[in-house]
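Report on one structure; see the data block that follows.
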Amino acid sequence: MQLFECDGKRLLKEWGIAVPKGLLLTSADGLPDALSQLGGKAVLKIQVPTGKRGKAGGIKLISNVGEGNDFFKQWAGKSHGGYEVESVLAEEPLAISKEFYMSVVLNAREGNFFFIFSAEGGVDIEETSRQHPDKVLKVKLDPAACIKEFHFRNILLEHGYSGSLLLSLSNAAANLYKGFVAANALLAEINPLVMLEDGTVMAADAKIEIDDSAKFRLSSKNFLEVKADELEREAKDIGVTYIKLDEGNVAIIASGAGLSMNTMDLIYEAGMKPANFLETGGGITSELVRRSVHLVLKNESARAVIVNLYGGVNSLLEAAKGIVAGVQELKRPVPLVVKALGNQQEECFALLEEHNIPVIKSYRTEDAVAYIQRQLEVAK
Amino acid sequence: MQLFECDGKRLLKEWGIAVPKGLLLTSADGLPDALSQLGGKAVLKIQVPTGKRGKAGGIKLISNVGEGNDFFKQWAGKSHGGYEVESVLAEEPLAISKEFYMSVVLNAREGNFFFIFSAEGGVDIEETSRQHPDKVLKVKLDPAACIKEFHFRNILLEHGYSGSLLLSLSNAAANLYKGFVAANALLAEINPLVMLEDGTVMAADAKIEIDDSAKFRLSSKNFLEVKADELEREAKDIGVTYIKLDEGNVAIIASGAGLSMNTMDLIYEAGMKPANFLETGGGITSELVRRSVHLVLKNESARAVIVNLYGGVNSLLEAAKGIVAGVQELKRPVPLVVKALGNQQEECFALLEEHNIPVIKSYRTEDAVAYIQRQLEVAK
Amino acid sequence: MSILLTKQTRAIVQGITGRIGAIQARWMLECGTNIVGGVTPGGGGKEVHGVPVYDSVAEAVKKQQANASVLFVPAAYARDAVLEAIDAGIGLIVCVPEHIPVHDTITIRRSAQQKGAWLIGPNTPGVLTPGVGKMGIMPANLFKPGRIGLISRSGTLCYEVAGYINEGGYGQSTVIGIGGDMVRGSDVQNVLSEFDQDTETDMVVVVGEVGGVMEEQVAECLKHMHKPVITYIAGQTAPAGKKMGHAGAIIQGNEGTVECKQNALREAGALVATRIADIPELIGRAYK
Amino acid sequence: MSILLTKQTRAIVQGITGRIGAIQARWMLECGTNIVGGVTPGGGGKEVHGVPVYDSVAEAVKKQQANASVLFVPAAYARDAVLEAIDAGIGLIVCVPEHIPVHDTITIRRSAQQKGAWLIGPNTPGVLTPGVGKMGIMPANLFKPGRIGLISRSGTLCYEVAGYINEGGYGQSTVIGIGGDMVRGSDVQNVLSEFDQDTETDMVVVVGEVGGVMEEQVAECLKHMHKPVITYIAGQTAPAGKKMGHAGAIIQGNEGTVECKQNALREAGALVATRIADIPELIGRAYK
């Protein structure tokens with residue numbers, strides 16, 4: 001889960017890293033108060049969990065309410081990067097004398113962390129890293145080590161920093177690392193980390209990604225979330241992973257991410273297009289499957305369904321019951337084929353056949369795809 | 001700092017260990033409300049940071065306000081173990097089916113911790129440990145290890161526990177250990193830890209000692225403190241360690257604990273008695289010494305003063321200035337001798353001699369003691 | 001011989017008294033797995049399908065000389081359960097649960113490395129050696145004894161691949177679900193190296209996915225392998241930026257695409273199957 | 001030769017730009033100590049009494065081959081400063097500050113043990129080798145070169161004892177303030193063992209106090225000592241239950257009394273001085 005800038009900055013502040021004074025606004029009504037609290041001028045920043053807001057005009061310095069109203073009007077009902085703009089962060093303008101880049105990020109390959117720092121902030125760090133690898137400091141941090149501020153001081157010393165700037169940077173780094181670990185973050189990036197004209201070091205932006213699986217540890221925090229659309233909300237309610245794909249005609253219900261992707265690949269290969277992708281996860285119940293059948297057909301473009309299951313943790317009989325119930329309730333009958341192997345597969349086959357639902361009794365997803373292809377051709 | 005039972009239980013609760021429902025009362029006025037909140041009956045316990053309250057009648061089960069009033073009357077203005085009784089904890093009575101002893105304590109000898117557990121609770125654990133060492137489980141915990149609940153489960157399993165009681169005990173142990181470390185405690189003792197008739201495991205008492213040097217980490221907690229007497233408050237204000245001794249006639253001002261004790265030993269050896277013991281600590285200023293001279297003479301029995309200093313961190317000239325100022329202001333002149341060696345000792349000697357204050361210019365504390373002894377004999 | 005799960009394995013089930021733990025214990029027993037005990041704190045003294053339950057892993061090790069453990073515990077408790085197994089000296093730990101926080105995985109991975117234990121998972125269907133047994137949730141009836149090592153990020157996809165391998169007249173020496181998360185307990189290189197040294201394995205099939213770096217790691221270690229490696233990677237048509245069911249299956253920028261991975265593998269000398277159905281033919285070619 | 005602080009010592013001062021650190025650095029320099037640098041984070045590039053200041057201990061080690069450090073930092077920062085010195089490979093760390101939380105002392109003690117560093121203190125007057133130098137706050141003029149090792153819990157008391165030793169015509173090889181807190185960075189047994197192996201030390205005087213277990217530890221290790229050990233313990237008349245200035249000096253129940261300690265030491269074969277003034281005579285007796 002990618003946090004919104006305002007929430008990321010709230011975390012940074014808790015971790016002991018300075019952030020600009022700011023207020024979150026959901027409408028232009030708050031502008032007069034914000035301007036007076038921030039000293040007459042403010043930087044307005046649209047709040048969406050993605051980047052490149054500056055280029056899109058989503059960040060603007062205003063010096064009066066009128067300019068602020070214009071900004072709100074400009075963004076009313078608009079989206080950026082696929083996210084609807086619902087709030088705006090108003091911040092004190094900063095007298096910046098230097099920009100840096102600083103982040104702590106998961107190194108999935110080795111199961112440890114990277115501390116990344118660059119004297120060039122506000123830029124695309126991956127780009128800088130490719131073009132000028134010498135300008136980007138990237139140090140591995142051992143998760144089993146007890147990492148203290150002096151470790152960061154030594155790292156930054158070797159990188160040429162000294163004096164009070166060294167202290168401010170190593171303090172920010174130590175706090176960022178400590179917070180990153182405590183919050184179970186996948187990424188904690190400050191880009192840019194700025195030095196103001198008075199020497200203060202401050203986070204001018206915050207990009208923090210929290211591990212969804214660790215949310216239970218942060219339940220007390222109240223983070224802004226992207227409004228889910230109706231189908232995503234329903235999928236969450238059922239307890240499945242649902243991904244909408246572009247304008248396809250075949251809906252996929254599959255157990256396991258790999259098998260789902262393989263099914264998708266085979267549908268494309270057969271010249272069809274998947275409409276969506278519903279992964280059941282490990283805990284199949286008949287109710288979960290019944291609701292899944294309905295959910296995948298809510299995509300209007302879907303004309304057929306492939307159900308592709310293996311019964312490992314799952315009982316296939318439960319799945320069959322759910323399929324039967326789902327199909328019986330369909331208002332818009334479409335071709336549906338089931339491929340299922342594993343626990344209680346014979347009972348599953350029997351029940352489906354009893355209700356005239358076609359079953360592929362092999363491990364060949366291709367056969368299920370071919371069956372659907374024939375059905376769709378017949379239907380033309 | 002030894003916490004009062006009510007504060008100890010507050011900590012235990014924060015750490016995830018169940019404690020009885022309770023209210024702190026400072027007068028009998030709160031009794032009706034307490035009795036109604038606690039279900040009609042209550043156990044009243046005087047709050048003093050020491051033990052053996054039961055034998056002294058400081059713990060009583062009451063079933064009505066009258067009995068409670070009697071308890072408050074009985075303890076009004078009284079002390080227990082040298083501490084004035086200023087508050088009473090009213091707790092729900094417990095239906096206890098079994099009592100245990102559990103603690104985590106600093107093992108100063110090896111610089112690690114002991115987890116101590118016994119199936120016999122509510123008793124003097126040191127006594128049990130001496131008489132029946134087999135009944136007391138004492139396990140060392142390595143401060144560098146990451147100790148988890150399963151470690152305590154394994155310890156208690158080997159000690160013969162199983163089932164849900166094993167779970168409750170190991171959970172309490174893990175929480176106690178975690179809390180002990182987080183609070184920088186020297187001792188965290190639950191005696192007794194009780195199992196109620198419904199199987200719940202709960203702390204019926206709490207004896208927690210916090211490291212005074214680590215108080216800055218717990219500044220947000222608001223712990224009850226023993227009311228310091230006037231001289232102790234003044235010593236704290238000056239920034240020195242002051243210990244009143246029994247009815248002696250010689251006051252001691254010395255730098256360093258060992259030297260202070262040695263001075264005390266030599267005064268006894270010479271047939272005199274020390275009145276008190278003021279240890280200046282490392283940061284001597286003239287003002288600190290001036291006030292110290294006044295403070296030690298506030299003990300009415302004090303008839304003479306020995307000032308015994310070494311100038312390591314301290315400047316002896318500063319000390320001399322303070323002594324001179326202190327002596328000049330004395331309303332009740334008494335014999336005073338200074339023994340001082342170290343930094344700026346010559347300047348110190350010169351200043352004192354200028355003001356006719358006797359100085360022993362050697363390392364022999366005995367000489368200073370002998371000087372005072374002669375002065376006191378002359379004065380008789 | 002086979003790898004990790006062998007005839008010497010004495011396995012326990014952590015979380016055996018839970019609903020899923022109990023069912024899976026039965027299925028593991030039914031296919032012959034040598035389950036010597038179960039562990040549920042507070043459940044000591046019980047029996048599940050005739051298997052004795054202990055209060056701690058250390059107790060099961062002491063009383064049953066257990067040397068392997070498979071976990072069915074809620075994600076929030078998995079870290080401490082794995083640490084308990086590592087602490088008790090268990091040499092093979094199969095961590096089935098999904099949705100374990102990545103930071104927890106990092107902790108247990110590091111701890112296993114320090115103690116020299118094999119940690120398989122998290123988010124794994126487990127480890128299965130046809131004819132010997134299984135630790136995890138793989139349906140045993142989908143596999144056949146044979147001389148092909150099989151490593152997969154995805155559980156269900158590996159079942160599908162096993163079907164094709166069986167159809168081709170081959171079977172599996174050991175099947176390893178290496179885990180679907182971003183960070184895994186064991187590196188694929190080490191598992192490949194075990195297969196390379198195993199006298200009952202002739203070659204290895206690796207089933208990958210979009211996202212992550214496992215396939216790149218396979219490519220990097222191929223120069224040390226003596227046996228052929230055949231790969232298949234799912235998700236050729238996966239859109240960028242979307243998490244495809246597995247936490248590890250996400251394409252970021254140009255990284256993690258199937259094409260990238262296939263190129264790296266081809267260059268390193270792997271036999272690359274673009275369709276699962278091609279795998280048996282590649283096995284045949286490797287045998288020539 | 002002497003112990004810990006020798007002619008090979010290249011010392012740095014952590015906290016050298018502070019008020020006390022700067023004064024003490026001067027006094028250490030004045031008595032000949034080989035101070036090669038100071039460390040104050042953010043103070044790199046400065047000079048204090050001609051001594052170069054660095055931003056970190058690692059930098060001082062790199063640029064000055066420092067191998068010892070004496071700390072004058074506030075108690076709340078002492079733990080991390082000691083950990084920094086240990087991490088940088090410093091072999092002798094003298095931690096002067098008092099009022100360091102005991103849990104912090106436990107942490108740094110454990111870390112020093114793991115890395116094989118000597119940690120002296122906390123709450124110590126330091127280490128002094130007459131004629132070579134001092135790391136800490138002991139007034140150098142109170143000591144004389146000689147062949148008596150001196151270990152003391154109390155700073156000022158050890159100065160007094162040194163006076164009597166000097167008066168007796170003897171002097172000190174090295175003087176160690178082992179620390180006045182409940183928990184110490186180094187065990188007295190290890191310091192005694194160093195003196196036992198030191199060719200320039202003939203015997204050791206140990207100055208103890210009421211409370212704690214240091215004196216009992218001395219008694220326990222005497223059987224391994226080849227050289228005579230003379231002891232004096234302050235606080236014979238200390239009342240029970242009161243903390244006598246030092247955090248470690250408190251008598252609990254019957255434990256920690258001077259009598260207990262003296263008995264244990266006598267039984268173990270130590271020469272026990274009941275008065276400081278008796279120490280020179282006991283030294284003379286030990287030489288016979």
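Chain letters run A, B, ... following the sequence lines, proteins first, then strands; residues in each count from 1. Predicted, not measured: the structure shown is a model, and the values here were computed from it.
Enclosure of atom NZ in B:Lys178 is not indicated, since only 12 or fewer non-hydrogen atoms of other residues, nucleotides or ligands lie within 6.0 angstrom. Atom CZ of B:Phe223 has more than 12 neighbouring heavy atoms from other residues, nucleotides or ligands inside a 6.0 Å radius. Residue-environment remark: NZ (B:Lys41) stays at or below the threshold of 12 foreign heavy atoms within 6.0 Å.
Along residues 179-191 of chain B, no residue comes nearer than 4.5 angstrom to chain C, judged on non-hydrogen atoms. The interface of residues 89-107 of chain B with chain C, defined by heavy-atom distances below 4.5 Å, is empty.
Distance check: B:Lys148 NZ to C:Leu83 CG gives 5.5 Å after rounding to the nearest 0.5 Å. Interatomic distance, CG of C:Asp80 versus SG of B:Cys146, reported as 8.0 Å (0.5 Å rounding).
If you check the side chains of C:Ser56 and B:Asn154, you find a donor sitting under 3.5 Å from an acceptor.
With a 4.5 angstrom heavy-atom cutoff, B:Ser162 touches chain C via backbone and side-chain atoms both.
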Applying side-chain contact (heavy atoms from CB on, under 4.5 Å) to B:His151 and C:Asp87, what does each step give before you reach the verdict? CA-CA 9 Å; B:His151 289 106; C:Asp87 184 77; 3.5 Å; yes

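The most heavy-atom pairs under 4.5 Å with chain C, out of B:Gly163, B:Ser170, B:Ser168, come from B:Gly163.
A heavy-atom distance below 4.5 Å is not found between the side chains of B:Arg153 and C:Glu59.
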